[in-house]
Amino acid sequence: MHAFSHYLPEFLQHQLFWVLALLVFSIWQFMSNKLRMDIVALLVITFFSLSGILTTKEVFAGLSDPNVILIALLFIVGESLVRTGIAYQVSEWLMRMAGASETRVLILLMLSIAGLGSFMSSTGIVAIFIPVVLAICSGMGISPKRLMMPLSVAGLISGMMTLIATPPNLVAHSELVKAGFEGFSFFSFTPVGVAVLALGIGYMLIARRWLDNGENVSTERNARSSMHQFIDEYQLTGRAKMTVITANSLLIGKTINELNLRDEYGLNIVAIQRVKRFRRITLSAYGTVTLQDKDILLLDVEVDSETFSHRCEQFGLKNIELKGEYLSDHAQSVGMAELSILPETGSIGKSINELRFRSTYGLTVVGIKRDGEILQDNIIHTPLKFGDVLLVMGVWQQILEMDKTSRDFFLLNTPEESKKAAPALSQAPHALFSVLTMVVLMITGIVPNVIAALIACLMLGKFRCIDMKSAYESIHWPSLILIVGMMPFSIALQKTGGIDLIVGILLEIMQGMDIHFVLIVLFVFTSIVSAFISNTATAILVMPIAIAIAQQLNYSSAPFAMIVAISASASFITPVSSPVNTMVLAPGNYKFMDFIKVGVPFTILVMLLSVFLVPLLFPLN
């Protein structure tokens, strides 16, 4: 651009013009939704680099930003909570507390997020709760759009609760101390935060209706079979049993293959629950598994009740009453799925028994459907034909693994309960311990937040709560690219004098204004800046200006600093104004205009509340 710049009109020769033009272009693209947001971010990086406005190091500064790494790590933490079943359990607790009321769910959700976010990273809390909210929406049959936005709003409001809740608060405190004033206490922000939270809950109860048409997502849910439908279709009602191996059992020390329980006695072991290191784990029923004392056997029984009772006495088994229909209360660890046999494979013409299906896949075939009819008798010895559908049952992890590795069968249909699948369910205590460690490290500040999250991820890997493949797949790369791509604007605006120009204009506007209007202008300016750069960078840029304005007008600096901190956290307007917003963008299937539609009115309400409340809590003189 430098080579031919002297041929351009004078205003086009200023780098600031091109920075502002690119900013307008990016906003227009975000609003029109013609290009993906991450593509726009990559175009921004390319322009800044080719134009020479920023160096290569400055363009990619976001890749070395700890907050970007923190967000990636927190995606992994969130995925581990799904894999261990914790997310689903929390969602079930919220649903139990709220009943069938979406209103109560929203209120409890926002209170939980704001409370937890008061003492740890709001980004971390939102990352943890995204899978929880998705599970709640699935369970209630509502669109994620109706709860994902309240989730992000509560996450941002949590930053207004305490001194350590968000970096802008700490920036405000340090700038006050640096200027020779008394800083904020731990709970200085709390009264304002509580008032904004109450306002936010009331507002989101109304605004959620603007995000979708209010229709539920039952069509999506009904498109998938449930385990109950499989049970009815394959005539499995009453066949599920659960027993525990007693100390005098003949099964102890024997493998499943050695016992041949299904072929000779009609007792089909689907899965095994075993206590190991003070926690219960669910094992796949491979033929080579050796049974132990106190093992709990999940059975598909092909004999009548009287014969089953006799078999229990014969083998030293104690029957346990099942709470749900056909093991449905174990749906987090044990599930079922329909498989179809591939054409021209060696499995055609062979029976389940000949294929050593249990020993090969760790799954049990409990039903076969052929030409729309359910086969009833001796299915393990029936030769398979092309077009047969097999209903298999076992540990979810094995079902998913078979779909990836089998060359003879492919996964045809999974039930609705597969969403509850927790392949690392037994590791839930370890996952809780890892997340608790991260929270404590973040609260105490012993290590930086990003290191606390890294320690948690390493612990989750060590405890097998998540594997490397799942960890990498859990990271939402478009969100990270969007954040990295928008970060250069902060550097470019400072480098080209954009910030100084805006500050000069701001001071001119404030001349002779009433104090409340001065605070409104300061709030609006901070909100505009934070809509396009990080709230931390916004606080760093605007806080010295706010303190200087307060001194020039002979007012206390505390209310001015508080207004800037609150406004920096009130990043509700765009999906790129905060990582919290960016993280819910994809799960909520939002567009750029959704944030403007909901965020602008709420930002105005927060501004009016803050401008009224802050001077009362923090005297101007």
Side-chain angles (χ1 to χ4, degrees), residues 225-245 251 255-257 259-274 282-287 289 291 295-312 314-315 317-339 351-353 355-369 374-382 384 388-399 402 409 413-415 417-418 421:
S225 301
S226 67
M227 286 178 61
H228 293 290
Q229 289 172 309
F230 280 153
I231 291 165
D232 291 339
E233 183 179 0
Y234 286 84
Q235 302 169 26
L236 302 176
T237 304
R239 283 175 40 172
K241 303 291 182 182
M242 188 162 65
T243 63
V244 61
I245 298 178
L251 307 185
T255 66
I256 294 176
N257 279 345
L259 293 167
N260 200 20
L261 292 175
R262 182 174 190 178
D263 211 9
E264 294 189 21
Y265 304 101
L267 304 182
N268 184 12
I269 300 176
V270 171
I272 304 161
Q273 292 184 345
R274 179 176 294 170
T282 302
L283 304 176
S284 299
Y286 280 102
V289 172
L291 300 180
D295 277 354
I296 294 175
L297 306 181
L298 305 182
L299 301 169
D300 174 61
V301 177
E302 300 170 356
V303 296
D304 57 51
S305 298
E306 186 177 344
T307 305
F308 173 70
S309 298
H310 176 70
R311 297 282 189 251
C312 288
Q314 179 182 354
F315 293 113
L317 301 174
K318 182 181 178 182
N319 189 31
I320 302 174
E321 183 180 355
L322 277 173
K323 295 180 181 178
E325 181 186 1
Y326 199 88
L327 308 176
S328 59
D329 56 331
H330 296 271
Q332 278 188 271
S333 56
V334 177
M336 54 177 62
E338 286 184 318
L339 305 177
S351 67
I352 300 299
N353 207 33
L355 290 173
R356 297 177 58 81
F357 198 93
R358 181 198 298 276
S359 297
T360 304
Y361 301 112
L363 299 171
T364 300
V365 178
V366 295
I368 297 178
K369 182 164 56 177
I374 305 300
L375 303 185
Q376 296 288 344
D377 301 322
N378 207 17
I379 62 172
I380 63 172
H381 294 293
T382 301
L384 297 177
D388 283 354
V389 176
L390 281 60
L391 182 67
V392 299
M393 193 162 189
V395 176
W396 279 117
Q397 191 169 3
Q398 294 303 127
I399 294 175
M402 181 181 179
F409 302 91
N413 190 18
T414 55
E417 288 82 357
S418 63

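Everything numeric in this text was worked out from a predicted model, so none of it was measured.
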Spatial distance of atom [atom1] ([X]) from atom [atom2] ([Y]) [nearest 0.5 Å]:
| X | Y | atom1 | atom2 | result |
| --- | --- | --- | --- | --- |
| Ile245 | Leu291 | CD1 | CG | 4.5 Å |
| Leu251 | Leu259 | CG | CG | 5.5 Å |
| Leu267 | Ile256 | CG | CD1 | 12.0 Å |
| Leu299 | Arg239 | CG | CZ | 11.5 Å |
| Leu236 | Met336 | CG | CE | 6.0 Å |
| Leu375 | Asp388 | CG | CG | 6.5 Å |

Where is the tightest heavy-atom contact between [X] and [Y], given as atom of each residue plus distance?
| X | Y | answer |
| --- | --- | --- |
| Val395 | Ala271 | CG2-CB, 4.4 Å |
| Tyr265 | Arg311 | O-NE, 3.4 Å |
| Gly367 | Ile379 | N-CD1, 3.8 Å |
| Asn378 | Thr382 | O-OG1, 3.0 Å |

Open item on the list: Using a 3.5 Å distance criterion without hydrogens, assess whether the side chain of Ser284 forms a donor-acceptor pair with backbone atoms of Gly394.
Closed with: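 No, because the side chain of Ser284 does not come within donor-acceptor range (under 3.5 Å) of the backbone of Gly394.
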Task: Expected output: side-chain Gln273 to main-chain Leu298 donor-acceptor under 3.5 Å - done: no
Open item on the list: Side chains of Arg262 and Asn353 only: does a donor on one sit below 3.5 Å from an acceptor on the other?
Closed with: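 Note: Arg262 and Asn353 side chains miss the donor-acceptor criterion.
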Task: Donor-acceptor side-chain pairing of Ser359 and Asn257 below 3.5 angstrom - done: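 Side chains of Ser359 and Asn257: pair found under 3.5 Å.
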Open item on the list: Would Asp263 and His381 count as a side chain to side chain contact (heavy atoms under 4.5 Å, CB included) here? Give the steps.
Closed with: CA-CA 9 Å; Asp263 211 9; His381 294 293; 2.8 Å; yes
Task: Heavy atoms of other groups near Glu264 CD, more than 12 under 6.0 Å - done: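 Atom CD in Glu264 is packed in, count exceeds 12.
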TODO: Determine whether Val289 and Arg274 make a side-chain contact, defined as any pair of heavy atoms from C-beta on separated by less than 4.5 Å.
DONE: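 Yes, their side chains come closer than 4.5 Å.
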Task: Any side-chain heavy-atom pair of Leu390 and Leu384 under 4.5 Å - done: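 Yes, close enough: below the 4.5 Å cut-off.
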TODO: Show the numbers, then the answer: is there a side chain to side chain contact (heavy atoms under 4.5 Å, CB included) between Asp232 and Thr237?
DONE: CA-CA 7 Å; Asp232 291 339; Thr237 304; 3.8 Å; yes
Task: Matching residue for Asn268 among Leu261, Val365, Leu297, Val366 - test: side-chain contact (heavy atoms from CB on, under 4.5 Å) - done: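 The passing option is Val366.
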- [ ] Could you walk me through whether Asn319 and Phe308 pass side chain to side chain contact (heavy atoms under 4.5 Å, CB included), step by step?
- [x] CA-CA 10 Å; Asn319 189 31; Phe308 173 70; 3.9 Å; yes
Open item on the list: Thr282 vs Val334, test: side chain to side chain contact (heavy atoms under 4.5 Å, CB included). Steps then yes/no.
Closed with: CA-CA 8 Å; Thr282 302; Val334 177; 3.9 Å; yes
Open item on the list: Below 30° counts as parallel, above 60° as perpendicular, anything between as tilted: where do the rings of Tyr361 and Phe357 land?
Closed with: tilted
